[in-house]
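Every value quoted in this text rests on a predicted model; they were computed, and no experiment measured them.
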Amino acid sequence: MNWHGMNEFISMGGYALYVWGAAGMTALLVAGEVLALRSRTKAIVRQHQRALRRERHPTDGIGGRNGKNGKNGKDGHEGKA
């Protein structure tokens with residue numbers, strides 16, 4: 001299709017609402033997908049970082065990093081009285 005001016009291009013031969021609506025909706029959905037992908041990527045990166053931290057600094061599964069309450073020795077046992 002040949003247009004002889006900007007007004008003819010914008011009017012799209014009488015189908016402007018349909019054409020520009022479809023183009024706008026497509027742009028909106030693509031932008032939404034990019035934002036959703038960015039959000040999912042950040043969440044996955046955070047999840048992997050937490051897993052790496054847990055691997056590097058394992059706990060006994062009950063309390064702090066060094067024992068039940070984080071107060072005991074490296075092995076989580078209290079010393080002899």
Side-chain angles (χ1 to χ4, degrees):
M1 182 175 243
N2 292 325
W3 294 285
H4 298 292
M6 191 58 136
N7 285 337
E8 284 186 31
F9 174 74
I10 292 173
S11 71
M12 289 285 166
Y15 296 102
L17 184 62
Y18 173 77
V19 172
W20 295 116
M25 184 61 70
T26 300
L28 184 68
L29 292 172
V30 168
E33 188 64 30
V34 168
L35 293 174
L37 179 61
R38 193 177 286 176
S39 175
R40 286 189 302 256
T41 300
K42 286 180 182 180
I44 290 170
V45 168
R46 281 192 303 269
Q47 183 180 12
H48 284 244
Q49 287 173 340
R50 282 194 301 268
L52 283 173
R53 271 189 243 119
R54 280 194 304 269
E55 261 183 39
R56 291 179 185 156
H57 304 286
T59 65
D60 61 358
I62 297 172
R65 291 186 174 173
N66 295 325
K68 286 185 177 182
N69 298 321
K71 297 177 184 175
N72 300 329
K74 288 182 181 178
D75 60 356
H77 298 293
E78 294 185 23
K80 294 181 181 179

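- Without hydrogens or angle criteria, W20 side chain to M12 main chain gives no donor-acceptor distance under 3.5 Å.
- Every residue was checked against the ring pair (Phe, Tyr, Trp, His ring centres under 6.0 Å) condition with Y15, not counting sequence neighbours, and none meets it.
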Quick one: side chains of residues 45-52, donor-acceptor pairs under 3.5 Å with protein atoms, not counting sequence neighbours, listed by atom name and distance.
none

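- Between E8 and H4 the shortest heavy-atom distance is OE1-N, 3.4 Å.
- In L17, the CG atom is not crowded: 12 or fewer heavy atoms of neighbouring residues, nucleotides or ligands sit closer than 6.0 Å.
- Note on L37 and L29: separate hydrophobic clusters, where clusters join Ile, Leu, Val, Met, Phe, Trp and Tyr whose side-chain heavy atoms are under 4.5 Å apart, directly or indirectly.
- In this structure, the side chain of S39 does not engage the main chain of L35 through any donor-acceptor pair within 3.5 Å.
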Next on the checklist: Assess the residue pair E33 and R38 against the criterion (salt bridge (charged side-chain N to carboxylate O under 4.0 Å, His left out)); give the C-alpha distance rounded to whole Å, side-chain angles, the decisive distance to 0.1 Å, and a yes or no.
Outcome noted: CA-CA 8 Å; E33 188 64 30; R38 193 177 286 176; over 6 Å; no
